[in-house]
Student: 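The structure follows.
Source: prediction; values computed, not measured. What you see below is based on every heavy atom in this structure, not just the backbone, and it leaves out hydrogens, waters and symmetry mates. Atoms within a ligand are numbered from 1 in the order they appear, just like the ligands themselves.
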Amino acid sequence: IIQLQHGAHRLGRRNDADMARWRAYGLGQFIHWGLYSIPAGEWNGKMYNGAAEWIRTWKEVSPQAYDSLIYRFNPTKFNPDSWAAVAKQMGVKYVTITTKHHDGFCLWPSKFTDFTVANSPYKKDIIGPLVKAYDKQGIDVILYFSVMDWHNPDWRYDIKTRDDSIAFNRFKQFTRNQLLELLTQYPSAKGLWFDGTWDKSWVKQAAFADSLETEMRKLHPGLIIGSRFRADEYGKRHFDSNGNLMGDYEQGWERKIPEKITDVHGNDWDCVMTIPENQWGYAKTWQGHIKTADELLEMLAKCVSLDGNFVLNFGPKPDGTLRAEELSLAKAIGDWMTVNKEAIYNGEYAGFIKQDWGYFIKSTASNKIYMLVFNIPVSGVLRVATPSHMAIRKAYGLDNAASNYTSEEIGSSTYFIHPNQQITPKKPFVIVLETGEEAKGQTGGYEKAKT
Ligand SMILES: COc1ccc([C@H]2[C@H](O)[C@H](O)[C@H](C)N2C)cc1
């Protein structure tokens, strides 16, 4: 064990009500919106093939020309209630919104910089109306904040000289001021999703970041902060020098999903996912594979089955509307969630052996076990191996209770689930298992092999 002043301050999961609420979300929405949405991956008629929200770093783009986009930010069709209504229909329980991305443009009228919506043609605060609209729909809000700020002249990638140190100390105060400002202006926010914290300049601020995290938690009791905010005094991030998770949940699953439960080490976590391969801000043309609703539903099921939340990204257009592809995916996911949401909300790892046909999710609300079926075996029967001494009492379909199933015990703690009707589903579907303790002595008399 290494003695740490600025490592993890808590071992294991948070067990308070605020974190239990976060753990129960299952499905979230990410929103990336800002000046980068205006060029949308195109500059002087040429397409940038990186992530659209990183276009300021493209050699073809002068930072000054990019920063002048502030004079073109005027989302005349922005209607936060319509975004929140789409999210509600989709079935998301929380939304993570960019307050300031790496380019430093603030979607709220921060007092600590001029580079905000207040000095754009739009003039008005974006964050406040968004928070209000989502709160009205009962969708919790998490504020995304990038520490790295390309616009601020005091930002440094590393601290090499005394001047760097003097400038970066100003930057640290600026960052603290903006974070306390966000928590004060938008007190209903449940947490912060930090980004842009990998550069040496910030990694060297273990003590400062640790005390700032403590200050924010004091200002906002219950605040939820992920593993990406701060490093320990040896520069270790996400997991400290003793391998303990920093913050309240793991933020390392960006565009990737854990394979098995041991990959998550008993921690809370979220997976943030793009619809194309890697575009967060609005990009005029999406290159490569665009994920389908069925793919996204399977990612959602897999995340919840492994104790995580699945957060799908939307990149609104510069006029404030959502693009057609995102609206149709939101609708398809929402239609599925309307029928199957009880298998996703309050979901947790069920402890059953993974089967090829799909995913098990246990509900903390009902103690029911849900089978989320994505692949029908050729045999037409679904194998279930329960944790030992757990028997299956009943099996029925969530889509309609009429679609029922017969469970046949085929070995110790092993069952076949037989559909009593022809199943030719066009969408992933859910079977509910009601289980109970195996009657004492009812071991089924299965002879253990002598090897
Ligand atoms: C260098 O690789 C990166 C760095 C930052 C990101 C940013 C994206 O712009 C988006 O905000 C995502 C959540 N974040 C990790 C993505 C890839």
Student: Could you check atom 10 (C) of ligand 1 against the protein and tell me its nearest heavy-atom contact, residue, atom and distance included?
Tutor: His32 NE2, 3.3 Å

Student: Check this for me - ligand 1, Glu254, N or O atoms closer than 3.5 angstrom, yes or no?
Tutor: no

Student: Does Tyr157 have its ring centroid less than 6.0 Å away from the ring centroid of Trp155?
Tutor: yes

Student: Are Trp54 and Trp150, when compared by the centres of their aromatic rings, separated by less than 6.0 Å?
Tutor: yes

Student: Going by an N to O cut-off under 4.0 Å, is there a salt bridge joining Arg56 and Asp103?
Tutor: no

Student: Please determine if Trp280 has a nitrogen or oxygen closer than 3.5 Å to a nitrogen or oxygen of ligand 1.
Tutor: no

Student: Any idea which protein heavy atom is nearest atom 7 (C) of ligand 1, and the distance to it?
Tutor: Asp195 OD2, 3.3 Å

Student: What atoms of ligand 1 come closer than 4.0 angstrom to any heavy atom of Glu53?
Tutor: 8 (C), 9 (O)

Student: Verify the ring-centre separation between Tyr249 and Trp22: is it less than 6.0 angstrom?
Tutor: yes

Student: May I ask whether Val272 has any heavy atom positioned less than 4.0 angstrom from an atom of ligand 1?
Tutor: no

Student: If you count the atoms of ligand 1 from 1 in the order shown, which ones are under 4.0 Å from a heavy atom of Arg228?
Tutor: 15 (C)

Student: Can you tell me which portion of Trp198 lies within the under-4.0 Å heavy-atom range of ligand 1? Options are side chain, backbone, both, or neither.
Tutor: side chain

Student: Which atom pair, heavy atoms only, marks the closest approach of Cys271 to Lys256?
Tutor: SG-O, 3.5 Å

Student: Check the orientation of His101 and His32. Use parallel for under 30°, tilted for 30 to 60°, and perpendicular for over 60°.
Tutor: perpendicular

Student: If you measure every N or O of Trp54 against every N or O of ligand 1, does any of those distances drop under 3.5 Å?
Tutor: yes

Student: Would you say atom 14 (N) of ligand 1 has a protein heavy atom nearer than 4.0 Å?
Tutor: yes

Student: Got an N/O contact under 3.5 Å between Trp193 and ligand 1?
Tutor: no

Student: Just say parallel, tilted or perpendicular for the rings of Trp83 and Phe78, cut-offs at 30° and 60°.
Tutor: perpendicular

Student: Parallel, tilted or perpendicular: which one describes the rings of Phe73 and Tyr122, with boundaries at 30° and 60°?
Tutor: perpendicular

